[in-house]
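Reckoned from all heavy atoms, side chains included, excluding hydrogens, waters and symmetry mates. Note that this is a predicted model, so its numbers are computed, not measured. Convention: sequence-line order gives letters A, B, ...; per-chain numbering from 1.
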Amino acid sequence: MPWPSRKRDKGAVADKKEPDAKIAKTEEETSDKEEEEKSAKPPAGSSKSGWKNWKKTKESESGGEESKITYCHWLLKSEPESRLEKGVDVKFSVDDLKAQPNQTTCWDGVRNYQARNFLRAMKIGQQAFFYHSNCKEPGIVAIVKIVKEAYPDHTQFDQKDPHYDSTSRKENPKWSMVDVQFVRMTKRFIPLSEIKAHHLAHKADGGPLKDMMLFTRQRLSIQPLTQEQFDFVLSLEEEKPH
DNA sequence: GCCAACGTTGGC
DNA sequence: GCCAACGTTGGC
């Protein structure tokens, strides 16, 4: 089963403006216990990588509540260059996002449990970096915001869709999506190479990007950032290209 | 295009 | 429940 990271180019959002917090999440929690388990922690072998450290951070920041952490910032990967997946082009660049009605799109096609759970944790108004991946110049190009919280990803039921999941039931959909809206371009392109250089430096000196999931959870397409991580990365847009 | 990283699957 | 084989992600 594919679990492509990014959304793909498809039409506008199904509904209109109204930022309905109501539709959010409903039927999950009940039956996907195992999945939540599986995905809510690092894989068995991977001792103390990203998740744990990040969780630790959040806990200490927020007064340490084990299960009630609220995440506030995100990074969303999307592929700006054409690539066929089951005959369908999954390209979706920031320009494609800006071309959508309302500059808004549903973030469909996520087929990884950990990424899905992060999608489900997103709240209206939260900001995310729009990251270009699998391309010539990987890096952050824009800021987007969540305008609709998690609801069932319709592409899981569409046999023609490259992300069709025959094991998902309508009564209990496995996969979710959110709607995101373009906010603004970053003042300059922030390349992965630059973020990584800071990450490496911070591993040595304990700086904010020390545990950034872009590097500790390499393949995760939807990832949370701490306030400190978000602020630090954003501060890079003010600097001279490195 | 190569290939390291890593999530998933299935045999046992 | 272990773990090798496999498939995908995504930087380079």
For this session: Using five pairs at either end of the helix from B:dG1-C:dC12 to B:dC12-C:dG1, determine the angle between the two local helix axes and round it to 10 degrees.
Result: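 End-to-end axis angle: 10°.
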Problem set entry | CH2 on A:Trp107 to CG on A:Leu97, rounded to 0.5 Å | 7.0 Å
For this session: To the nearest 0.5 angstrom, please state how far the CD1 atom of A:Ile146 sits from the CG atom of A:Asp179.
Result: 9.0 Å
Seminar exercise, completed: Exactly one candidate in A:Gln223, A:Gln127, A:Gln227 meets side-chain hydrogen bond (donor to acceptor under 3.5 Å, both in side chains) with A:His73; the answer is A:Gln227
Atom [atom1] of [X] and atom [atom2] of [N]: how far apart are they, to the nearest Å?
{"X": "A:Glu137", "N": "C:dG11", "atom1": "CD", "atom2": "C1'", "value": "13 Å"}
{"X": "A:Glu85", "N": "C:dT9", "atom1": "CD", "atom2": "C1'", "value": "10 Å"}
{"X": "A:Leu76", "N": "C:dT9", "atom1": "CG", "atom2": "P", "value": "16 Å"}
{"X": "A:Trp175", "N": "B:dT8", "atom1": "CH2", "atom2": "P", "value": "8 Å"}
{"X": "A:Leu75", "N": "C:dG10", "atom1": "CG", "atom2": "C1'", "value": "13 Å"}
{"X": "A:Glu79", "N": "C:dG10", "atom1": "CD", "atom2": "C1'", "value": "8 Å"}
{"X": "A:Gln223", "N": "B:dG7", "atom1": "CD", "atom2": "P", "value": "12 Å"}
{"X": "A:Lys136", "N": "B:dG1", "atom1": "NZ", "atom2": "C1'", "value": "12 Å"}

Exercise. Does A:Tyr131 have a side-chain nitrogen or oxygen under 4.0 Å from the phosphate oxygens OP1 or OP2 of C:dG11?
Worked result: yes
Exercise. Is there a side-chain polar atom (N or O) of A:Lys77 under 4.0 Å from OP1 or OP2 of C:dT9?
Worked result: no
Problem set entry | Pair A:Gln156-A:Ser168, side-chain donor/acceptor within less than 3.5 Å |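 Yes, a side-chain donor-acceptor pair sits under 3.5 Å.
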For this session: Go through the structure and list residues passing salt bridge (charged side-chain N to carboxylate O under 4.0 Å, His left out) with A:Glu237, not counting sequence neighbours.
Result: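 Partners of A:Glu237 by the salt bridge (charged side-chain N to carboxylate O under 4.0 Å, His left out) criterion, ordered by chain and then number, come out as A:Arg184.
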For this session: Kindly indicate whether a cation-pi arrangement holds for A:Lys196 with A:Phe215, taking the cut-offs as under 6.0 Å to the six-membered ring centre and within 45° of the axis.
Result: no
Exercise. With a 4.0 Å cut-off, would you call A:Asp153 and A:Arg116 a salt bridge?
Worked result: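 Salt bridge flag = no for A:Arg116 with A:Asp153.
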Exercise. Which atoms form the tightest heavy-atom contact between A:Gln218 and A:Lys77, and what is the distance?
Worked result: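 That would be O-NZ, 2.8 Å.
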Exercise. Which pair of non-hydrogen atoms, one from A:Glu79 and one from A:Asn134, has the smallest distance, and what is that distance?
Worked result: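 For A:Glu79 and A:Asn134, the tightest heavy-atom pair comes out as OE1-ND2, 3.2 Å.
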Exercise. Choosing from C:dT9, B:dT8, C:dG10, which nucleotide comes nearest the side chain of A:Asn112?
Worked result: B:dT8
For this session: Mind checking A:Lys196 for me? I need base, sugar-phosphate or nothing, with any heavy atom below 4.0 Å counting as a touch.
Result: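 Since only primed, P, OP1 and OP2 atoms lie under 4.0 Å of A:Lys196, the category is sugar-phosphate.
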For this session: Scan A:Phe215 against the nucleic acid and name what it touches under 4.0 Å (heavy atoms): base, sugar-phosphate only, or nothing.
Result: nothing
Collect all protein-nucleotide pairs involving nucleotides 3-5 of chain B in which both atoms are nitrogen or oxygen and the distance is under 3.5 Å.
| from | atom 1 | to | atom 2 | distance (Å) |
| --- | --- | --- | --- | --- |
| B:dA5 | O4' | A:Gln218 | OE1 | 3.3 |
| B:dA5 | N3 | A:Arg219 | NH1 | 3.3 |

